[in-house]
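Down below is the structure, laid out as structure tokens.
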Amino acid sequence: LDQLEKKMDMATSAEGMNPYIDLYDKILRYVELKKGVTETEIWMEFVNDIPTKKELDDIVMFLLTTGKLKTKGNLLEKGN
């Protein structure tokens, strides 16, 4: 019973996790590899992972706000 309760705790704690956490890393690696990209290029590369423009906007805004991405003209580049 103790083992089952531990597994249940792990499962319920994962529910509140950000579903995009792995995608953030993939996007950052892509931006770094390309030495800067447009938002449209990100969407085209990750269209299977980001189904709507709203989700793309939210992801990019999060990465900009946290300093992981920065803008240079119309390009997005790797931040800190």
Task: Considering all heavy atoms, the nearest Ile50-Trp43 contact - done: O-NE1, 2.8 Å
TODO: Quick one: closest heavy-atom pair of Leu28 and Lys68, and the distance?
DONE: CD2-O, 3.5 Å
Would you tabulate the side-chain donor-acceptor contacts of residues 69-76 under 3.5 Å, counting partners in other chains and residues two or more places apart, or write 'none'?
none

Do [X] and [Y] sit in one hydrophobic cluster, given that two such residues count as connected whenever their side-chain heavy atoms are within less than 4.5 Å of each other, even indirectly?
X	Y	result
Ile59	Val47	yes
Tyr24	Leu64	yes
Val60	Leu33	no

Measure the spacing between [atom1] of [X] and [atom2] of [Y] and express it to the nearest 0.5 Å.
X	Y	atom1	atom2	result
Glu45	Lys26	CD	NZ	10.5 Å
Tyr20	Asp49	OH	CG	9.5 Å
Lys54	Met61	NZ	CE	10.0 Å
Lys78	Leu63	NZ	CG	10.5 Å
Phe62	Leu23	CZ	CG	11.5 Å

Task: Residues in side chain to side chain donor-acceptor pair (under 3.5 Å) contact with Glu41, at least two apart in sequence or another chain - done: Thr38
Open item on the list: What verdict does the side-chain contact (heavy atoms from CB on, under 4.5 Å) test give for Lys53 and Glu39, after you've listed the backbone C-alpha separation in whole Å, the side-chain angles of each residue and the deciding distance to 0.1 Å?
Closed with: CA-CA 10 Å; Lys53 177 75 165 92; Glu39 197 170 307; 2.9 Å; yes
TODO: Quick one: list whatever passes ring pair (Phe, Tyr, Trp, His ring centres under 6.0 Å) with Phe46, sequence neighbours left out.
DONE: Tyr30
